[in-house]
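Here's the structure, in structure tokens; my notes come after.
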Amino acid sequence: MNSKDVDILNVILIIVSLYAAFHIPFGLFIFSYVFLGPLHYLTEINWLKEKEYFLGKANWSSIFIFFAVFLSIPFILKLSVFAELMKNESVKKYYDVLNSASDEIYLIALICTIGLLYFKNKIHLAAFVTIGSIIALLLLHHFSATAMSIAIFIPTLIHVYVFTILFMIYGLLKNRTTPGTISVILMFVVPIIIIFSKINPEAYYGLSDYTQTSYLDSTFGGLNLEIAKWFVPIEGSNFNFLSSLGIKIQIFVAFAYTYHYLNWFSKTSIIRWDKTMTKSKITAILAIWGISISIYLYSFKIGFIILSFLSLMHVLLEFPLNITTIRELVKKVNVAIFSKN
């Protein structure tokens, strides 16, 4: 497909994703996360590797894998096989430290990304990362509420919604098409549609046991809670997820994740990530994908925990692409402004 065809497809996918999110917000999210998520992680990581993670040298990727390991340890330790180990005070102490340090890890990873993209000299790179990390840690210590938001939103809505929009805008600036313009406008309009929609919470009460259990076993309740705090004052974790506001938040989350995954697969013919696949890679990816789905179907909680490393790794490995996209967008905007002047 050419760019215009892909843009038309994406307009359709946005509408379909939003329609499905309104009707089955919890079920759609679980379905997308279980069936589309792992395949997205695996194919994107393979594509990023072929692109040398947009860093020029693929060996720098070990830094982000290192961060992903630390971020995923608190998830892994929640497995029942580590129940006895978690009773040890020293292990529990390290667990608490790692769990509370996720915001710092994300910010340091971002600082490392910026440094790797802008500094080729290793001494300059080390100085930038050191000074930047110290400043970031001081700011996080001073603004603790912001720290929690960073830890929650960077790997979730910033990744699946904000950067999806930025990628779409970048594509639109390269290939100006009417459907492309419509798709970008729709992405900004969707939250407005959801906010001003009339929701009858009772229509969503009939959740299956698997959906309810899966949702509770994930950490996405914390995401919904943080979003809810933007609209109403909430103390602690006392929030009704099946209230009108709770349903609207879940509709948006389900839409954002579903369309993020579909958008990745829809633009195959544009970024040609399929060309990086060999028969052995396809076999390996399909095998891991099948195993992932099987684990999720056996227990969403176990699948969520085990695949946390893969999910976090794909988020972190995409950081260079995210920063590169922002840099290129700023360049294009500057060119457009100065060319008019």
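Because only heavy atoms are used, hydrogens play no part in the values below, and waters and symmetry mates are left out as well, while side chains stay in. Numbers here are sequence positions counted from 1.
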Closest approach of [X] to [Y] (non-hydrogen atoms, all atoms of both residues):
X: Leu242; Y: Ile247; answer: CD2-CD1, 3.7 Å
X: Tyr215; Y: Ile30; answer: N-CD1, 4.1 Å
X: Ser243; Y: Pro201; answer: C-CG, 4.1 Å
X: Leu172; Y: Gly180; answer: CD1-C, 3.7 Å
X: Ile111; Y: Gly132; answer: CD1-O, 3.2 Å
X: Val6; Y: Ser269; answer: CG2-OG, 3.5 Å

Salt bridge flag under 4.0 Å for residues Glu226 and Lys229: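 Yes.
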Do [X] and [Y] come close enough that some side-chain heavy atom pair is under 4.5 Å?
X: Tyr296; Y: Pro38; value: yes
X: Ile45; Y: Lys49; value: no
X: Ser3; Y: Ile270; value: yes
X: Ile251; Y: Tyr204; value: yes
X: Val253; Y: Ile227; value: yes
X: Thr213; Y: Phe300; value: no

task: Begin with the C-alpha distance, continue with both residues' side-chain angles, and end with the deciding distance and a verdict on side-chain contact (heavy atoms from CB on, under 4.5 Å) for Phe82 and Tyr95.
output: CA-CA 12 Å; Phe82 297 113; Tyr95 168 85; over 6 Å; no
Say whether [X] and [Y] are linked into one hydrophobic cluster, either directly or through other cluster members, by side-chain heavy-atom distances under 4.5 angstrom.
X: Ile282; Y: Tyr41; answer: yes
X: Ile185; Y: Ile14; answer: yes
X: Ile8; Y: Val189; answer: no
X: Leu207; Y: Ile24; answer: no
X: Ile249; Y: Tyr205; answer: yes

Please tell me whether [X] and [Y] form a close aromatic pair, meaning their ring centres lie under 6.0 Å apart.
X: Phe241; Y: Phe26; result: no
X: Phe153; Y: Trp230; result: yes
X: Tyr53; Y: Phe64; result: no
X: Tyr118; Y: Phe128; result: no
X: Phe265; Y: Tyr261; result: no

Are there over 12 heavy-atom neighbours, none belonging to [X], within less than 6.0 Å of that residue's [atom1]?
X: Trp289; atom1: CH2; result: no
X: Phe231; atom1: CZ; result: yes
X: Leu138; atom1: CG; result: yes

Can you measure from [atom1] ([X]) to [atom2] ([Y]) and round to the nearest 0.5 angstrom?
X: Leu316; Y: His159; atom1: CG; atom2: NE2; answer: 10.0 Å
X: Ile15; Y: Phe255; atom1: CD1; atom2: CZ; answer: 10.0 Å
X: Ile73; Y: Ser102; atom1: CD1; atom2: OG; answer: 12.5 Å
X: Lys248; Y: Lys198; atom1: NZ; atom2: NZ; answer: 10.0 Å
X: Leu85; Y: Ser90; atom1: CG; atom2: OG; answer: 10.0 Å
X: Leu286; Y: Ile291; atom1: CG; atom2: CD1; answer: 11.0 Å

Partner residues of [X] under the side chain to side chain donor-acceptor pair (under 3.5 Å) criterion, sequence neighbours left out:
X: Ser17; value: none
X: Thr177; value: Asp7
X: Thr211; value: Ser208

field: Matching residue for Tyr257 among Phe31, Trp264, Phe220 - test: ring-ring contact (aromatic ring centres under 6.0 Å, His included)
entry: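 The single option meeting the ring-ring contact (aromatic ring centres under 6.0 Å, His included) with Tyr257 is Phe220.
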Could you name each residue pair satisfying salt bridge (Lys or Arg N to Asp or Glu O under 4.0 Å) that touches [range], not counting sequence neighbours?
range: residues 158-179; answer: none
range: residues 279-297; answer: Glu50-Lys281
range: residues 124-138; answer: none

task: Would you please test Thr268 and Asp274 for side chain to side chain donor-acceptor pair (under 3.5 Å) and show each step?
output: CA-CA 6 Å; Thr268 304; Asp274 57 317; 5.7 Å; no
task: Give the C-alpha distance, both sets of side-chain angles, the deciding distance and a yes or no for side-chain contact (heavy atoms from CB on, under 4.5 Å) between Phe163 and Leu321.
output: CA-CA 10 Å; Phe163 279 110; Leu321 172 60; over 6 Å; no
- prompt: Between the side chains of Asn46 and Thr276, is a donor N or O closer than 3.5 angstrom to an acceptor N or O?
  reply: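 Asn46 vs Thr276: donor-acceptor pair found between side chains.
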task: List the steps, then state whether side-chain contact (heavy atoms from CB on, under 4.5 Å) holds for Trp273 with Lys51.
output: CA-CA 10 Å; Trp273 59 259; Lys51 293 288 185 179; over 6 Å; no
field: Intermediate values then yes/no, side-chain contact (heavy atoms from CB on, under 4.5 Å), Phe54 and Phe319
entry: CA-CA 9 Å; Phe54 290 85; Phe319 275 6; over 6 Å; no
